[in-house]
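All values below were derived from every heavy atom in this structure, side-chain atoms included, with hydrogens, water molecules and symmetry-related copies excluded.
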Amino acid sequence: MSKFYVTTPIYYINGLPSVGHAYSTIIADALARYHRMKGEEVRFLTGTDENSQKNVEAAERAGMKDDIQGYLDQMAARWQEAFDELGFTHDRFIRTTEADHAQAVEKFWKAVEKTGDIYLGEYVGLYCKGCEAFYGEADLVDGKCPLHKTVPEAIKEKNYFFRLTKYRDALLEHIGKHPDFVVPASRRNEIVSYIRDFMTDISISRASMKWGIPVPGDEKQRIYVWFDALINYLTGAGYGSDDAACAKWWPADLHIVGKDIIKFHCALWPAMLMSAGLPLPTRVLAHGFFTVNGEKMSKSLGNVIDPVQIARDYGNDVLRYFLMREIRLGEDGDFSLDRLAQRYDGELANELGNLAHRVLTMTEKYFDGTVPKRTDGFLAGAWDGYHLAMEELRVHDALEVVWKLVRESNQLIEERAPWKLAKLKEEKMLADTMYVLLETLRHISWMLVPIMPDTADRLLEKLGLAPAKEFSQAVEVAWRWGELAPGAKIEKGEPLFPRREGSQAAEARGNS
RNA sequence: CGCGGGGUAGAGCAGCCAGGCAGCUCGCCAGGCUCAUAACCUGGAGGUCGCGGGUUCAAAUCCCGCCCCCGCAACCA
């Protein structure tokens with residue numbers, strides 16, 4: 001049986017999850033659900049990046065300077081609550097302050113050290129005493145620390161470097177041989193030019209930091225946060241704690257990342273793995289960013305969207321549907337509540353919801369609420385398109401396949417006009433038509449499982465099926481045409497997506 | 001010369017990599033239907049494809065130059 005190991009970035013918890021974090025995680029969740037649906041063994045990892053100076057600063061702001069771990073525990077718990085409420089199906093929520101991660105990092109560091117890729121060097125940086133941190137030229141405002149408004153000192157410190165440049169050719173060769181390693185292609189071009197023209201060795205420890213995982217054998221130094229963070233993907237597989245699990249899950253099949261961190265995931269990380277003698281992840285998907293109503297999303301503009309609020313207003317499925325449909329995976333997009341409301345009204349309520357409702361109503365009217373006699377149908381082409389889209393990470397296109405079925409169903413109703421067939425006593429044609437419609441709805445339910453899991457359940461129930469029982473059978477059977485059993489009782493119930501009273505394009509802002 | 005994305009109908013977008021009738025959704029106009037959540041279906045109007053040049057039988061698509069918008073570099077996926 002094939003396996004699928006998918007990860008999200010681990011998140012800084014100096015604030016609560018924004019819709020951007022939810023976006024990354026929804027992509028991973030949808031793909032995890034897709035592969036589970038196919039019957040594969042899936043491991044889905046997400047979590048928090050806790051060894052960062054940013055978290056320390058946030059703890060200080062929260063008045064918990066003396067209890068940083070306490071602050072992190074609190075925040076991590078709130079993130080987990082939010083992720084639970086959003087219905088994510090991760091197998092583990094990893095925190096980089098957990099013991100097995102420290103163990104994995106130590107093992108990894110030693111492996112890289114043994115290869116000879118770690119050397120002691122001199123790091124020259126602009127150091128702000130107030131922040132106890134180094135800044136780059138670009139971080140400064142008028143040459144001063146943005147927080148303390150003081151001119152940082154140029155100081156040197158001895159720390160450890162990773163011989164990243166040693167892997168320049170190997171990285172380029174790998175990307176050349178595996179065009180899917182970085183998707184979309186625009187990001188691949190970007191990363192190739194970075195590796196070829198800009199990549200340098202990087203410092204992977206800090207003598208000045210008090211927070212973070214100590215360097216093995218040199219307790220005075222702390223490991224640079226990125227070096228530690230990337231290793232979480234190995235920890236989550238069992239590296240350093242469970243060799244059998246690690247052998248099973250590693251390498252990861254897919255890392256999902258934002259476009260801002262591809263250098264770390266597509267250059268540093270694979271080089272680290274090569275150095276440690278471990279296989280590389282199969283694919284890295286860099287998704288785009290979105291603006292909010294055309295403006296960049298930022299705390300200072302106060303337009304950060306709270307995903308939990310949207311989910312409460314519209315339901316988890318609607319948020320998932322909107323993000324997966326509106327934005328082509330890999331591209332930038334725009335998040336707007338007007339657009340969300342538009343898609344809810346037009347596509348969910350009017351097209352899909354109303355289709356289900358009218359079909360079920362006619363089944364009640366003309367067949368006493370039971371599935372009529374089976375007839376031929378053909379949806380193999382739709383399934384092929386759907387699977388290809390999902391495999392190629394074009395989730396938006398997979399949804400387009402589903403909506404094509406929705407539209408074709410609505411057209412079929414218009415064409416056949418079951419109400420006329422009923423009057424004319426065209427029993428055979430009427431039964432055939434209704435069976436095709438009902439069975440197509442069953443297939444639509446299945447296709448929606450990864451993206452709109454609650455909706456898929458509800459639709460199956462309306463068709464008189466028990467979701468748990470449906471999902472326990474082999475998909476080769478479930479996805480066959482004609483599996484909807486004649487004579488079964490349907491359960492019309494309330495519309496899937498009720499019309500919203502007025503256009504309450506209410507504000508769901510705030511909660512930074 | 002920092003890196004990257006973009007400019008296509010009133011709005012939002014696809015098409016560009018592999019050149020071949022300019023397409024989708026919303027909105028607008030007209031018609032149809034009455035099973036349905038005032039939903040659904042059909043048709044129509046609406047576009048110098050940012051600008052200028054080049055290659056070609058043929059350019060939204062390839063090449064050169066220019067203009068404009070946006071993101072990253074500061075919280076932020």
Side-chain angles (χ1 to χ4, degrees), chain A residues 8-9 11-12 14-15 17-27 54 57-58 135-141 145-147 184-187 189-191 193-194 197-198 256-263 286-292 294-305 307 323 325-328 330-336 338-339 342-343 345-366 396-397 400 403 406-407 409-422 430 433-434 437 492 494-500 512:
Chain A
T8 71
Y11 306 110
Y12 287 141
N14 51 358
S18 77
V19 72
H21 302 104
Y23 180 56
S24 301
T25 318
I26 286 170
I27 296 167
K54 289 189 187 194
E57 286 157 19
Y135 283 103
E137 290 283 356
D139 300 327
L140 304 177
V141 179
C145 163
L147 243 68
S186 55
R187 298 297 157 211
N189 297 340
E190 190 179 339
I191 206 68
S193 97
Y194 163 72
D197 303 330
F198 297 100
I256 287 162
V257 304
K259 67 177 184 179
D260 56 332
I261 50 176
I262 53 172
K263 284 179 194 173
H287 69 242
F289 284 176
F290 38 83
T291 49
V292 174
E295 284 185 313
K296 70 178 291 188
M297 181 169 79
S298 77
K299 288 183 182 174
S300 47
L301 284 176
N303 62 353
V304 175
I305 301 275
L323 290 172
R325 183 87 201 257
E326 175 82 0
I327 302 158
R328 304 171 62 76
E331 313 269 313
D332 289 341
D334 185 53
F335 187 101
S336 121
D338 287 345
R339 298 277 300 159
Q342 246 178 51
R343 288 203 182 265
D345 293 344
E347 293 162 4
L348 295 177
N350 294 350
E351 289 188 316
L352 174 60
N354 182 52
L355 168 68
H357 204 244
R358 64 200 299 214
V359 168
L360 293 164
T361 300
M362 288 189 280
T363 307
E364 278 187 344
K365 254 184 200 167
Y366 308 135
H396 50 279
D397 285 336
E400 185 55 41
W403 253 258
V406 171
R407 294 198 178 109
S409 293
N410 275 322
Q411 285 161 2
L412 183 71
I413 294 175
E414 212 59 32
E415 217 174 274
R416 298 278 180 88
W419 50 93
K420 279 186 191 160
L421 297 174
L430 180 60
T433 302
M434 294 315 299
L437 291 168
K492 179 175 150 191
E494 293 303 304
L496 280 175
F497 300 100
R499 177 149 282 276
R500 299 170 310 124
S512 55

**Prompt:** Between A:Gln411 and B:rC40, does any side-chain N or O lie under 4.0 Å from OP1 or OP2?
**Reply:** no

**Request:** Determine: side-chain N/O of A:Lys365 to OP1/OP2 of B:rA36, distance under 4.0 Å, yes or no.
**Result:** yes

Without decimals, in angstroms, what is the distance between [X] [atom1] and [N] [atom2]?
| X | N | atom1 | atom2 | answer |
| --- | --- | --- | --- | --- |
| A:Ile261 | B:rG4 | CD1 | C1' | 16 Å |
| A:Ile413 | B:rC40 | CD1 | C1' | 8 Å |
| A:Gln342 | B:rA39 | CD | P | 14 Å |
| A:Arg343 | B:rC24 | CZ | P | 16 Å |
| A:Glu190 | B:rG2 | CD | P | 15 Å |
| A:Asp260 | B:rC76 | CG | C1' | 8 Å |
| A:Ile262 | B:rA73 | CD1 | P | 14 Å |
| A:Phe198 | B:rG2 | CZ | P | 10 Å |

Nearest-nucleotide pick for [X], side chain only, options being [options]:
| X | options | value |
| --- | --- | --- |
| A:Thr361 | B:rU37, B:rA36, B:rU25 | B:rA36 |
| A:Asn14 | B:rC3, B:rC33, B:rC76 | B:rC76 |
| A:Trp419 | B:rC35, B:rG4, B:rU42 | B:rC35 |
| A:Ala349 | B:rU37, B:rC40, B:rC35 | B:rU37 |
| A:Arg358 | B:rC35, B:rA39, B:rC76 | B:rC35 |

Quick one: label [X] by what it contacts on the DNA or RNA (base, sugar-phosphate, nothing), any heavy atom closer than 4.0 Å.
| X | result |
| --- | --- |
| A:Tyr12 | nothing |
| A:Leu360 | nothing |
| A:Gly258 | sugar-phosphate |
| A:Pro418 | nothing |
| A:Tyr366 | sugar-phosphate |
| A:Pro498 | base |
| A:Asn350 | sugar-phosphate |
| A:Ser24 | sugar-phosphate |
| A:Phe289 | base |

Watson-Crick or G-U counterpart of [N], or none if no pair lies under 3.5 Å:
| N | answer |
| --- | --- |
| B:rC26 | B:rG10 |
| B:rA39 | none |
| B:rC72 | B:rG2 |

**Asked** Which pair of heavy atoms, one from A:Ala349 and one from A:Phe497, lies closest together, and at what distance?
**Response** CB-O, 3.4 Å

Taking only nitrogen or oxygen atoms into account, show me every contact under 3.5 Å that the protein makes with nucleotides 8-13 of chain B, one pair per line with its distance.
{"from": "B:rG12", "atom 1": "O2'", "to": "A:Arg339", "atom 2": "NH2", "distance (Å)": "3.4"}

Restricting to nitrogen or oxygen on both sides, can you table the protein-nucleotides 5-7 of chain B pairs closer than 3.5 Å?
none

**Prompt:** What's the spacing between A:Asp334 CG and A:Thr291 OG1 if we round to 0.5 Å?
**Reply:** 3.5 Å

Just wondering, do [Y] and [X] contact through their side chains at under 4.5 Å, heavy atoms?
| X | Y | answer |
| --- | --- | --- |
| A:Leu323 | A:Phe335 | yes |
| A:Met434 | A:Val359 | yes |
| A:Leu496 | A:His357 | no |
| A:Ile261 | A:Pro9 | yes |
| A:Ile262 | A:Tyr194 | no |
| A:Lys259 | A:Glu190 | no |
| A:Glu326 | A:Phe290 | no |
| A:Val257 | A:His287 | no |

[atom1] gap between [N] and [M], integer Å:
| N | M | atom1 | value |
| --- | --- | --- | --- |
| B:rC29 | B:rG20 | C1' | 33 Å |
| B:rC17 | B:rU61 | P | 9 Å |
| B:rU37 | B:rC28 | P | 22 Å |
| B:rG71 | B:rC75 | C1' | 15 Å |
| B:rG47 | B:rA60 | C1' | 12 Å |
| B:rA18 | B:rC62 | P | 9 Å |
| B:rA14 | B:rG32 | C1' | 30 Å |
| B:rC67 | B:rG52 | C1' | 10 Å |

**Message:** For B:rA36, does the base pair up with any side-chain atom of A:Asn354 as donor and acceptor (N or O, under 3.5 Å, distance only)?
**Reply:** yes

**Asked** Any chance NZ of A:Lys492 has more than 12 other-residue heavy atoms, nucleotides or ligands included, within less than 6.0 Å?
**Response** yes

**Prompt:** Between A:Thr291 and A:Gly353, which has a closest nucleotide on RNA chain B that is more 5'?
**Reply:** A:Gly353

**Asked** Can you tell which of A:Ile413, A:Thr433, A:Leu430 makes a side chain to side chain contact (heavy atoms under 4.5 Å, CB included) with A:Met362?
**Response** A:Ile413

**Request:** Evaluate side chain to side chain contact (heavy atoms under 4.5 Å, CB included) for A:Arg358 paired with A:Leu437, printing each intermediate quantity in order.
**Result:** CA-CA 10 Å; A:Arg358 64 200 299 214; A:Leu437 291 168; over 6 Å; no

